[in-house]
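A quick write-up on the structure given underneath.
Naming convention: chains lettered A, B, ... in sequence-line order (proteins, then strands); numbering from 1 in each chain.
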Amino acid sequence: MDSIWNQLVSLGSETWSAAGRSLWFAATSCVISVLICFPLGSLIHFRTFRGKGLLVSVLQSLYCMPTVLVGLIIFSLLSRAGPLGDLGWLFSPKAIIFGQALLISPIMMGLVISAYSGVDKSVTETATSLGASSIQMVIVAVREAKYAMLTMVIIGFSRAISELGISMMVGGNINFYTRTLTTAISLETQKGEIEKAWAMGILLLLIALVINITIYSLQKSGRLKRWGVFRLLLDRIRAWGG
Amino acid sequence: MTFLQISDLCKTYNERSILRGVNLSIDKGYAYAVIGPTGAGKTTLIRLIDLLDTPSSGRILFDGVDVTRSGKSRNSTRRRMALVQQKPIVFKMNVFGNIACGLKWRREQKHAIRSKVDEVLGLVGMGDYRDRDARTLSGGEMQRVAIARALVIEPELLLLDEPTANLDPVSVSKIEDVLAHIIKKRKTTVLMSTHDMPQGQRLADKIAVLINGELLQVGSPNEIFCQPADRKVAEFVGVENILPGTVAGKENELAIINVNGEDIQAITDLAYGENVFVMIRPEDITFTRTRDASSARNVFEGRINKIVPLGPLTRIELDCGMPLLGVVTTRSASEMELTMGSKLFASFKATAIHVIKRA
């Protein structure tokens, strides 16, 4: 246990760099996924069309898509012979972000739909009856479901930061370039550096824990109601910056 | 002037017919109440008028324009109306935000929003609740917020779907006061649905009776309650004595109607020999211990079959060759020492009877 603790307090720049990249890749893929899934999920929820139930079922079944399968798909797309081979993204951060976004998109979209489903239909109908346009009505629904939406972001981020298959297969685990905490843990375990792997695992968990506790405390304090999460995070960042 | 014209409106959900050929004309500046039992289709009718649903067939003309299946203009039409739903709905924000949202969506100036919201808050008696979280209010307060939110946009047509259902009597009274004020003072065209008949009578200029998806009668409250057009309407509006009979004699408008061997004198245009229903409201029947205590044309002797106390009133069921239901005050029932099987006289005026043709 002592050796794990020693490893944890003496983690070097390689590990911190991997941790930073884990955060960066997960956050970027999460933002991309939100930008795609939020409007698409809204469309799916608020529009009526044939096969809607089937589409939602397919999305839900994609929640448990193995990361290695996504890695394989991205690899096939980005390899030289693949349809997107000309982009030259294979074994680059872009490939990992692309893969992670693809991995979490079904979850995000499903959770957007699920968050909207939790909003009392009479609330959106009341907005519509008071003359809200479609976009204004969606804003009302988002406000009603903001905690569920926030949970969606947390789950998407957590899934992205904790995946291994994609980062390994399409990132290539290149030090100071595409190595993330999960690929580093895998590598250290294979090298027999179990204590170091444990320390990295704990660091990964701590990162996830800090993010979750921050968001939970924001929710609980009720400040989200007045300020919105992004404004509040901005304030915190400003405060940390001095 | 007809403001809203509903023609042959039908709505079917999952092959179940909810509305069947509803026709209704609503004049500008008047208050209408649609009354009917639960499940009659009142909410469906209100939702169709508010363009939240599309009818299976029929037409809705709003201010002379067919809006039944309006596409892009649907929202602009809807912005001329406001709906208050049965369940008190408030958004996750404070009272001011809730009331202001309709104005914000119409891109009103901030100062105009503030003054309009403050004015309407005063109107519904919630000036002190301006900054309260709307979700922490009681059901009655939430409903007043919902009404204020609808009123602040100054709708040309205010739709109220059972606005006081499931609320306590104090809240109902406050909400009725607000509605009475806007109906009388603002001359807003109002269409409300309710299963509370006295409420419809108190607030509306005209009442429409919707039963089982069919609009059976439209008329003044007096017409609906005293001259129901058919048996279903009569039963719904509380005419408990509906007796089948035949016109057995006629002298000008005064008719003798034979009901179960007893002759009832009533005023009717129906001809000799017609099969009819004789309708008498329980409140129009007077009970006395002696025959000569009443000057009414119709006096029948009978024995009490049933006594049902209803708080301040007591319901009496009398068997006098035909069943007659009436009410007396509980104090009178006690003073008259009414008991089961005791002899009693029931009397009612010929003018208190409504006669309709029986198919």
Side-chain angles (χ1 to χ4, degrees), chain A residues 38 42-43 45-50 52-53 111-112 114-153 215-216 218-232, chain B residues 43 46-54 71-94 97-108 131 133-136 142-143 145-161:
Chain A
F38 178 71
S42 304
L43 267 178
H45 178 78
F46 289 109
R47 298 277 177 213
T48 308
F49 55 89
R50 191 177 283 237
K52 182 174 170 173
L111 291 178
V112 167
S114 164
Y116 282 132
S117 305
V119 177
D120 192 339
K121 201 182 169 197
S122 50
V123 170
T124 48
E125 279 186 351
T126 298
T128 305
S129 76
L130 287 166
S133 64
S134 302
I135 291 171
Q136 288 164 338
M137 185 268 289
V138 170
I139 292 168
V140 169
V142 171
R143 186 176 278 148
E144 295 288 316
K146 64 185 170 192
Y147 294 132
M149 296 283 181
L150 212 56
T151 306
M152 163 200 87
V153 174
I215 293 174
Y216 175 74
L218 292 177
Q219 278 184 11
K220 207 172 178 193
S221 71
R223 291 191 66 189
L224 279 176
K225 285 181 191 168
R226 296 193 293 274
W227 300 99
V229 65
F230 297 114
R231 194 165 166 187
L232 197 58
Chain B
T43 300
I46 296 259
R47 288 175 61 84
L48 290 175
I49 294 170
D50 197 37
L51 309 180
L52 288 173
D53 282 334
T54 310
K72 286 180 181 170
S73 63
R74 208 166 177 81
N75 197 38
S76 59
T77 307
R78 209 185 272 127
R79 284 187 174 189
R80 297 173 65 187
M81 319 179 205
L83 167 67
V84 176
Q85 304 196 56
Q86 179 179 351
K87 187 175 144 195
I89 304 288
V90 289
F91 303 130
K92 251 185 205 171
M93 51 180 87
N94 65 13
N98 260 280
I99 299 175
C101 58
L103 297 170
K104 284 179 186 164
W105 293 332
R106 286 162 177 78
R107 308 211 183 284
E108 292 249 5
D131 299 317
D133 181 349
R135 293 273 163 104
T136 63
M142 277 192 203
Q143 195 63 314
V145 170
I147 290 171
R149 191 176 51 197
L151 293 180
V152 79
I153 56 178
E154 295 168 14
E156 292 172 61
L157 175 62
L158 177 62
L159 301 165
L160 304 156
D161 184 15

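No side-chain N or O of B/Gln86 forms a donor-acceptor pair with one of B/Thr43 less than 3.5 Å apart. Using modelled atom types, one finds no donor on one side chain facing an acceptor on the other under 3.5 Å when comparing A/Ser133 with B/Asn75.
Both the backbone and the side chain of A/Val123 come within contact range of chain B, each with at least one heavy atom under 4.5 Å from a heavy atom of that chain. Neither the backbone nor the side chain of B/Arg74 has a heavy atom closer than 4.5 Å to any heavy atom of chain A. Only the side chain of B/Ile153 comes within less than 4.5 Å of a heavy atom of chain A; its backbone N, CA, C and O stay farther away. Looking at B/Arg80, neither its backbone nor its side chain comes within 4.5 Å of chain A, counting heavy atoms on both sides.
Electrostatic pairing of B/Arg135 and A/Glu144 counts as a salt bridge here, judged by a charged N lying under 4.0 Å from a carboxylate O.
A cation-pi arrangement is found for B/Arg149 relative to B/Phe91, the charged atom lying closer than 6.0 Å to the ring centre and inside a 45° cone about the ring normal.
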